[in-house]
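Have a look at the structure below before the remarks.
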Amino acid sequence: MKNRDSAQLRVDQINAFEQELKQLRSEQVVTLSEDQQQLITSYHQKIRSQLSTQFDVDFNAGGKSLTMGMQVASFIGALALAVSVFFLFFQYWGFFTTPVQVAVLITAPLLTLAATYWIQAHEESGYFAKLAGLISFACVVLNIFMLGQIFNITPSDNALLLWSVYGCLLAYAFNIRLLLVASILCLYGFIAARIGAYNGMYWLSMGERPENFILPALLIFVIPSIFKHIKQPDFSIIYRVFGQCGLLLAILVLSFWGRASYLDWNSDVIEGFYQITGFVFSACFIGIGLKNHWKSVLYTGNTFLVIFMYSKFFDWWWDWLPKYLFFFLVGLSAVLVLLIFKRLRLLQNQAEESLTS
Amino acid sequence: MKNNRLVIAAFTLILSANIIVLVKVSYNRSQISQQITLTEREVYQRYRRVEENSATSLQIQWQTPPDEDYGYYSHNRYLRLSDTTLSKLGLKKSCNDDNRHHKIQREAWILLQQNGLAYQTHLQQILAKIELQRQTINAQETRDKKSLKTLNDKAYKAKNKRSRLYAIAVAGNKESLSAAYPEQENTLIVKGLISKTNHCNNKIRINELYLNPLHISQEVLKESVKKNGNQVLPHHYDLNIAVGALNEAWVQSIQTRNQNE
C-alpha cells in the first residue's frame, strides 16, 4: 500500500466482500467449507492488522465519522493556533529590543519545524504533526512580515514566493493538504504580482487586473500532469481544482467587470468576450474530466458552467421578464441541466466500465 | 529519506531568507544617503490598542501644494506635472470616461520638502484668506465674534500645528529629482505610489509614501514617557529619519524639544 487512501480502500473492499459473501450465503448462491472460511477470515484479519498499524485506517462507518470529526477539529485547531501565534507576538514584541525580536522571529519557525518532524516520527495518526506543521508555516509568515515591519522594509512580492516554497516543502514532507492550498495561493499571488509588475502596475494592485491570474491558474492546473503524484493522489486533485477555480473565477469577474481588463476594447465587448470564454473553458474542463476520469475537474467544470449560465439569464431577463416567468425559465434550464448531467454520468460510467474490463 | 531532504530544505530556506534580509538591512544602514528632521507637527503616533499591539509606529502627515481647485483645509494629494514627466512615468492625459487605466497605481520617486518654500507660500495664502474674511466681520455682532474666534483658531493652527511637509515633485527615477532640486536642505526623496486622475489634465494623485508607517525600536524609545502602560512620545520632539543605501528609512533618534524652541 502506497498511502492511507489506498489502505482505506483495501479495508473498505474487504468489508464489502464480507457483506456480499454473507448475502450470497444467505441466498444459498455459494457455499464455503469451514477451512476455506477460516483461511479467508485469518487472511483478512492479518491485512486489517497490518494496515491499522501502518496507516491508522477505519474499519467501520463509526470509525470514519470519528476520523472526519478529528480532521475538522485538527483543521480548526491548526487555524486558531496559527492566528494565536500572530497575536501573541504582537502583544509582547514592543517590550523587546530589536535583537531579541529578531532572535524570536528566526527561532520560532526553526523550532516548530523541528517539533513537527519529531511529532511525525513518534505519532501514527499524523494529526498532531499537521497541527505543528501549520503553526510552523504561520511562524514563517510572521517571521518575514514582522522583519519587514521592524526594519521598515518596503513590501515585496518575494515574500509570497518564499511562503509558497516553504508551504510546499512542508506539505510534501508531512502530507498536509491545507499547506499545499496555502502554497498554491501564495504562488498565485507571486506570479500574478510579477505579471502585473511587468505590465507597469504596483505588485499589490494585482487584483485590479484579473487577467494576471490566468497564466498561474493554467500552470497550476498542469502541474500534476507533469509531476505524477502516486503517493499523494489528493494533491493532484487540489492542483487541478485550484487551477480550474483560479482560471474560471478570473473569467467570471471579467465577464461582469470589463473595465478591469488589459484589453483596450469597449467594456461591453470585453464582457461578452469573457462570457463566451467562460462557457468554452467550462465545457473544455467537462470534456477533460470525462476523458481522463477526473471527477473533481468534471464537477468543478459543471459548477462553473451552471454559474455562467445563470448569470447570463440574470443579465438577459431579470429586468424585463415578469419574475414568475424568469424563475420558470430558470427551472426549465435546471431540468435541461439535469438531463445533460444524467447523460454525462452515463458516459462516465460507460468509460469506467470499459477501463475496468 | 525524501522526507528528511525536504525538512533539511525547509530549514535551509528559513535560514537563508533571514540571512538575506538581515544582510540587506545591515547594508542599507551602513551608509546614510539622506537625512531629515521632522517634528510632532509632521508625525503622529498611530493609534493601537496596547493590549493587542505593544509596539509604536508613526504616521507621517504630508500634503501637496494646493491647487486653485481646492480649499486650503484639505490634505491635498494632487500634483500637476509637465507633459514630459507624465509620459516618462508611463501615464497619459486621457479624456475618456472609462477610467480603467487611471486607477492603476505605479511606483514613483517623490520629493518631500520640510518647512520650505511650498509651506511658506501655502501659509501666506491661508493667512491672507483669513485676513480677508476678518475684514468682512463686524466685531460687535455676537455671531461674528464666534466667526472671528474660529478664524483666529485657524490662523493659529496654520502657523503652529499644521504639518510643514510637502510633496513637491514626482519623477520616474531618483537621479532626475536630485538633479532638478540639487543641494536643498530638509528634503527627502522617497518612493511612493501614484495614479493618474481620471480628469483630462496633467494631474496625478500621490496615494501613499513608502515611509508610512515608521516603526520605532525599543532602543530609540528609551527616553519616551510611560503613562498607564501606554508608551507615548513627548509633546514636542524632533524626529531624525535616515535613509540608507537601499533607500529604506529608519528612525535614528527622538529628541525632546522645549515648547519655546
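Residue numbering restarts at 1 for every chain, and letters A, B, ... go by the order of the sequence lines.
Across A/F96 and B/Q218, no two heavy atoms sit closer than the pair O-CB, 3.4 Å. Contact between A/I144 and B/A17 at its shortest, heavy atoms only, is CD1-CB, 4.4 Å. Between A/F151 and B/L22, the shortest heavy-atom contact is CE1-CD2, 4.0 Å. The shortest heavy-atom contact between A/T98 and B/S217 is OG1-CB, 3.5 Å. Nearest heavy atoms, B/A10 versus A/L170: CB-CD1, 4.1 Å.
Contacts of B/L209 classified as side chain to side chain contact (heavy atoms under 4.5 Å, CB included), with partners at least two apart in sequence or in another chain: B/W62, B/I110, B/L112, B/V190, B/I206, B/L211.
Within residues 104-114 of chain A, the residues having any heavy atom under 4.5 Å from a heavy atom of chain B are, by residue number, A/I106, A/P109, A/L110, A/L113, A/A114. For residues 24-31 of chain B, heavy-atom neighbours of chain A at less than 4.5 Å comprise B/V25, B/R29, sorted by residue number.
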> So A/F174 and B/L6, side-chain contact (heavy atoms from CB on, under 4.5 Å) or not? Walk me through it.
Replying inline: CA-CA 9 Å; A/F174 304 113; B/L6 291 171; over 6 Å; no
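Of the listed residues A/V140, A/I150, A/V100, the one with more heavy-atom pairs under 4.5 angstrom with chain B than any other is A/I150. Per-residue counts of heavy-atom pairs under 4.5 Å with chain B were compared for A/A159, A/G196, A/P155, A/A173; the largest is that of A/A173. Looking only at heavy-atom pairs under 4.5 Å with chain B, the residue among A/L204, A/L169, A/T116 that has the most is A/L169.
Looking only at atom types and distance, the side chain of B/E248 has a donor-acceptor partner in the side chain of A/T154 under 3.5 Å away. A side-chain donor from one of B/N4 and A/Y117 sits under 3.5 Å from a side-chain acceptor of the other.
Distance check: A/Y202 OH to B/K191 NZ gives 9.5 Å after rounding to the nearest 0.5 Å. A/L162 CG to B/S16 OG: the interatomic distance, rounded to the nearest 0.5 Å, is 9.5 Å. Between B/N18 atom CG and A/L147 atom CG the span is 5.5 Å, to the nearest 0.5 Å. Atom CG of B/L221 is separated from atom OG1 of A/T97 by 12.5 Å, given to the nearest 0.5 angstrom.
With a 4.5 angstrom heavy-atom cutoff, A/V102 touches chain B only via side-chain atoms. Interface remark: B/L214 contributes backbone and side-chain atoms alike to the contact with chain A (heavy atom separation under 4.5 Å). With a 4.5 Å cut-off on non-hydrogen atoms, B/A249 touches chain A through its backbone but not through its side chain. For A/S205, the part lying near chain B is the side chain, with the backbone staying farther off; criterion is any non-hydrogen pair under 4.5 Å. Contact of A/L88 with chain B is not made at all, since no heavy-atom distance falls under 4.5 Å. Residue B/F11 touches chain A through both its backbone and its side chain, counting heavy-atom pairs closer than 4.5 Å. Neither the backbone nor the side chain of A/F89 comes within contact range of chain B; no heavy atoms are under 4.5 Å apart.
You'll find the side chain of B/S195 stays beyond 4.5 Å of the side chain of A/M201, heavy atoms only.
By the 30° and 60° cut-offs, the orientation of the rings of A/W93 relative to B/H215 is parallel.
Around CZ of A/F256, the count of heavy atoms belonging to other residues, nucleotides or ligands within 6.0 Å exceeds 12. Counting non-hydrogen atoms of neighbouring residues, nucleotides and ligands closer than 6.0 angstrom, the CZ atom of A/F128 reaches no more than 12 such neighbours. Around the CZ atom of A/R177, the shell of radius 6.0 Å holds no more than 12 heavy atoms that belong to other residues, nucleotides or ligands.
Among residues at least two apart or in separate chains, side chain to side chain donor-acceptor pair (under 3.5 Å) pairs with a member in residues 185-197 of chain A are A/D157-A/R194, A/N158-A/R194.
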